Amino acid sequence: MRYEAPETIDAAVALLGSVGRARPLAGGTDLLVQLRAGIVEPDLIVDLKKLPGLRTIAKEKGGFRIGAAVTGAELREHPDLRKVWPGVVEAANLIGSTQIQGRASLGGNLCNASPAADSVPALIAAGATVTIIGPGGQRELAVEAVASGPGKTILAKGEFVTSIFLPARPPRSADAYLRFIPRTEMDIAVVGCGVSLTLDQSGTCTAARVALGAVAERALLVAEAGAALIGSKLDAAAFEKLIAAARKACRPIDDKRGTKVFRIDIAGVLAQRTATIAAERARGQK
Amino acid sequence: MSKRHVSAVVNGDPVEFLCTPEQTLLDVLRDDLDLTGSKECCSSGDCGACSVILDGRLVCSCLVLSAEAEGKRIETIEGMAKGEELHPLQRRFLEHAALQCGICTPGILIAAKALLEREPDPSETEVRFWLAGNLCRCTGYDKIVRAVLDTAAEMRRS
Amino acid sequence: MNDIPLAGTAPKAELKWVGTRGPRPDGLDKVTGRARYGADFRLPGMLVGRVLRSPHAHARIRGIDISKAAALPGVKAIVTRDDFRDMPSEFVPAGEMMVNYRDIVRNVMAREKALYEGHPVAAVAATSASIAREALSLIKVDYEVLPHVIDAAEAMRADAPLLDETMITAGVDPAPTKPSNVAKRMEFSTGDLKAGFAQADFVIERSFATKPVHQGYLEPHACLASVNEAGQAELWCTTQGHFVVRTHCAKLLDMEMSQIRVIATEIGGGFGGKTVVYLEPLALALSSKSKRPVKMVMTREEVFLSTGPTSGAHMKVKIGVRKDGKITAAEAELIYEAGAFQGSPVGPGCMCAFAPYEIENARVIGYDVISNRPKVAAYRAPGAPISEYAVECVIDELAQKLGLDPVEFRLKNGAKAGTRALYGPKFGPIGLVATLEAAKNHPHYSAPLGPNQGRGVASGFWFNIGGESCASLHINEDGSVTLMIGTPDIGGSRASMALMAAETLGIDVAHVRTLIADTDSIGYTFLTGGSRATFATGMATVDAAKAAIRQLCARAAKIWEISEDAVVWEDGHAKPAGQNAATFPPMSLAELAGKAGKTGGPISGHAEINAQGAGPSFGTHIVDVEVDKETGRVDIKRYTVIQDAGKAVHPGYVEGQFQGGAAQGVGWALNEEYVYGADGKLQNAGFLDYRMPVTSDLPMIDTVIVEIPNPAHPFGVRGVGETPIVPPMAAIANAISRAIGTRLCELPMSPPKVLKAMQAHKANGG
């Protein structure tokens, strides 16, 4: 195995395309575990952290462009991001311990393609897009289109994610993310839920996106759950519909972390709780 | 398999080492630099016993490739005391009986140091969540949390 | 078993060092990273040893081909079953459990069959970790995969796959004619069970199940072995008992004990799990073959796969009470999983089950059952937390049924001095009632509860043991003292020993240094386990100090030219025994030490004892939980441990034992378990999914040290390390049941199970 830390995007693209089994490295909190366990045996590791733009958060078109290798700790410490996208920052900050936060990145969390990745439902709810670069050039994709199944992405050979873009927010918009774990920390989500919504001046929900993690082979955008909220005052009736839609969208498996029945049940509970937090945040903006 | 040359600063001292691409920072600290105070207890970032401060960030050294250390500043437990003077956390851990077997202690001290450098007045809850990645099986954490809170109070006074 | 003595020497009223909270001698090295644990040692020319493990839960090993691996450059030695001679079936004591070398040799290295996923099949020593890893991949093992069985209840079925075709259940008369997975049946009984239940106004019978849980010590097993051409071996290892390691290794490798020197490294937690051998015989065998030092360190996955958790169990408990709250009869059936080889802690489980209570008519039946899991190892009060969990849940339910406060109900039936335990002896002075009274009066017990919260209490008992310990205490020329003991220090015992030595000698504890001597430097000392170190090695330490004092007095007598019995030792000084003896000024220990060369040579004290009279320790825990009614998640809101320590030598470390035991109990109660797939493979062999409590899972853990002195110990010490893990599971189960109005009878009480119980309760109109 070889390790390279290129300083230009072109060099990184060339390296990743050069050998059969090449893996990009951002924070390494998943990759190193997989290396140690022999789950992956790459010939080449390409460290992306020295590439321009991969470690910075920049304001762009009223939104934020976040380098793929920006760490959870850096997201939390950014002066503005947390105010606009509290749910995304919360979700990223739930990934692992303080130590993991010092390394783990949004790009890595996304491309590791775990169905239970904490930041992904929040990014999907946020309507985030990703910039992908590779031998064929640059392309933009919706976050929800990146993972195709457990550990699998649609990225072609030599391609990698350079940044994630969080769009500008209309007034009275807010997001939130909650996950269910048996302990208080250090667990993989049994269910995760991201909600982003916008209210009008009367408090009616004009836009809403709801995403669920760990209830299918990849994080899901649940359009019906969002639709349940739109047009409502986020009242009990709307929440009933939200819960039903969230549960209906689940197609989980039984595994060591949770049963199907439990996951479906919890998905509804979390959808309501997360939407409640997002609504409170949006209402608080007056 | 060729080895890579890495220069870094460990506990204030310049170091150079040769490493293979698979070697983690923890491997190099323990096996090549003879700094065995950082412990390997899980190799998966779940226990925190290998915690070090890398360019000011608390990380698990088992989840850092040694090659990534090029040009970096690394602080380990061996550098926590300044000469004969223990760091106030080290002293308080002894006074509070905040260790039993002691294998988690270096990682917890490093993590607590990183916390107090950022937040001189943490609440109990903040201490508990900050240290959630540092497993201790002996103490039930009570005396550890008390020792950290007491140290923070002491450091604020001085 | 003998009765536990009721009276002995009363502890000294005024203590200067025992009972203080000074720093521990090993503390400084542990906060600076200097302390050396099992994996921190290296030697010139050292090889890396790695183990090839069975990927199958149950398979016959038809053949092992090591030729390709042996030919790989850098491979220096390979061992397989062929390198270990078979052993006859023979039971010998090891810690609190009995071991059988026929089984140990098979657990260390699979012979006819691999009996669990992770069972060692071969081991390699090579010049680097990567070569060792490659060599493992080149070893070809021809497995015939066999049907497996994981759960004890299934393993007991007549059609279950047999692990050992020669196993005939012991303890059944007449002996069964067919082999089974049931290794042993045992029974403890007293009184007339039928008559007892006939007197009862209420009888409650419940079934319980628990899962295997691992000790979860942070430090993986590790050792470094070096054997020379003459067969002389040195072995550094992380262990709770280096003498026991020597015993096992000598036996398994057919070596004389004098040829093996075992050095106990600092130990990164054990909790019972480091009382047996895994890597040590392999490292010695590999070093013996290669004539080079071999270091072996387990990965965390290996620790979970192949070292002993404690048993999972299936249990039935039935207790009858009269309306006035008196228990009339109690009965239990305990089925404990032993793992791949017999020897679960069902024996102590049976003996402890009803030990906190005075019950005239009782019977406990236990079964020791093997299945395709790693062989269990001791875990803190082995067996007791399991059976006492079941009993304490039924006790709580009976208290509810009777409308009695659960502490009052326990007080009505609690064991006290003079109570004859079901397992035989009459208790001497014990602290159960004192812990219950302290619980009742503790502010926690009457504090208000919030919504969705419940409070639970439970009591617990553990025997504690004594046994063989040695101590050598050397008075150095400058008056400082070196104390050598043979029990590895797992939680502060060097500090306790120094305190007891200083107290006995009458000198400042700062002048006493305690060392853990290797197996060649002190006499045979049984392991640190059974909560025996502070008790038994403490007794040896006091005896050694007294032996040194006798010599010191003799030297003073010589200087003063008076008879030895005219000299007394007081407050660190030799003094003439009153005016009639003589009128010399007192001589300090340091003065006498300085003159030792001229008065007869070096001064030392030794003690080689088999400590008797270990005092049982009882505890009572109070816990408040809050249940998330929509998800089943349980939060521990408040926790109080009350336990009898006899005498707390170092209260800080006694509290630490209480708190640590409670925290482990929280894990056992709520989330820890071995999860197996249908393929018989462990699915959560890592700290990510084997969910031990983290800092943010717990509140502060309040402690109350009750001190009912153990008359057999010079300072009244009782072991304290194990009892704290006995009450938590029941205390938490009782708290949850009071919060949600229905009972769970299965551990762990993880969110899906709690949610399901609440939903079922609701569906039933609850």
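Order of the sequence lines sets the chain letters (A, B, ...), proteins ahead of strands, with each chain counted from 1. Note that the structure is a prediction, hence the values are computed from the model and not measured.
Of the listed residues G268(A), S97(A), P182(A), the one with more heavy-atom pairs under 4.5 angstrom with chain C than any other is P182(A). Your options are R263(A), R36(A), E185(A), and the one with the most heavy-atom pairs under 4.5 Å with chain C is E185(A). For the options D635(C), T695(C), V634(C), V694(C), heavy-atom pairs under 4.5 Å to chain A are most numerous at V694(C). Of all the listed residues (N684(C), D689(C), N671(C)), the one sharing the greatest number of non-hydrogen pairs under 4.5 Å with chain A is D689(C). Taking chain C as the reference chain and counting heavy-atom pairs below 4.5 Å, the highest number among V261(A), V190(A), D255(A), I188(A) is found for I188(A).
At a 4.5 Å heavy-atom cutoff, the contact between F687(C) and chain A is made by backbone atoms alone. Contacts between S750(C) and chain A at a heavy-atom distance below 4.5 Å are absent for every atom of the residue. For a residue to count as touching a neighbouring chain, one of its non-hydrogen atoms must lie under 4.5 Å from one of that chain's; by this rule D697(C) touches chain A with backbone and side chain alike. Only the backbone of I181(A) comes within contact range of chain C, with at least one heavy atom under 4.5 Å from a heavy atom of that chain.
Counted by atom type alone, D265(A) and Q759(C) present one or more donor-acceptor pairs between their side chains at under 3.5 Å.
Looking at K256(A), its side chain does come within 3.5 Å of a backbone N or O of Q683(C) through a donor-acceptor pair. Counting only distance, with no hydrogens or angles, the side chain of T184(A) and the backbone of S696(C) share a donor-acceptor pair below 3.5 Å.
Between D628(C) and R273(A) there is a salt bridge, since a side-chain N of the basic residue sits under 4.0 Å from a carboxylate O of the acidic one.
To the nearest 0.5 Å, the span separating CG on L688(C) from CE on M186(A) amounts to 7.5 Å. In this structure, R183(A) CZ and E672(C) CD are separated by 8.5 Å, a value rounded to the nearest 0.5 Å. With rounding to the nearest 0.5 angstrom, the CG atom of L270(A) is 8.0 Å from the OG1 atom of T631(C). Here R633(C) contributes atom CZ and F180(A) contributes atom CZ; the two are 6.0 Å apart, rounded to the nearest 0.5 Å.
For K241(A), the NZ atom is loosely surrounded, since the number of other residues' heavy atoms within 6.0 Å does not exceed 12. Applying the 6.0 Å contact sphere to NZ of K629(C) captures more than 12 heavy atoms from other residues, nucleotides or ligands. Heavy-atom contacts from other residues, nucleotides or ligands closer than 6.0 Å to NZ of K762(C) number 12 or fewer.
Looking only at side-chain heavy atoms (C-beta outward), R691(C) and D187(A) come within less than 4.5 Å of each other.
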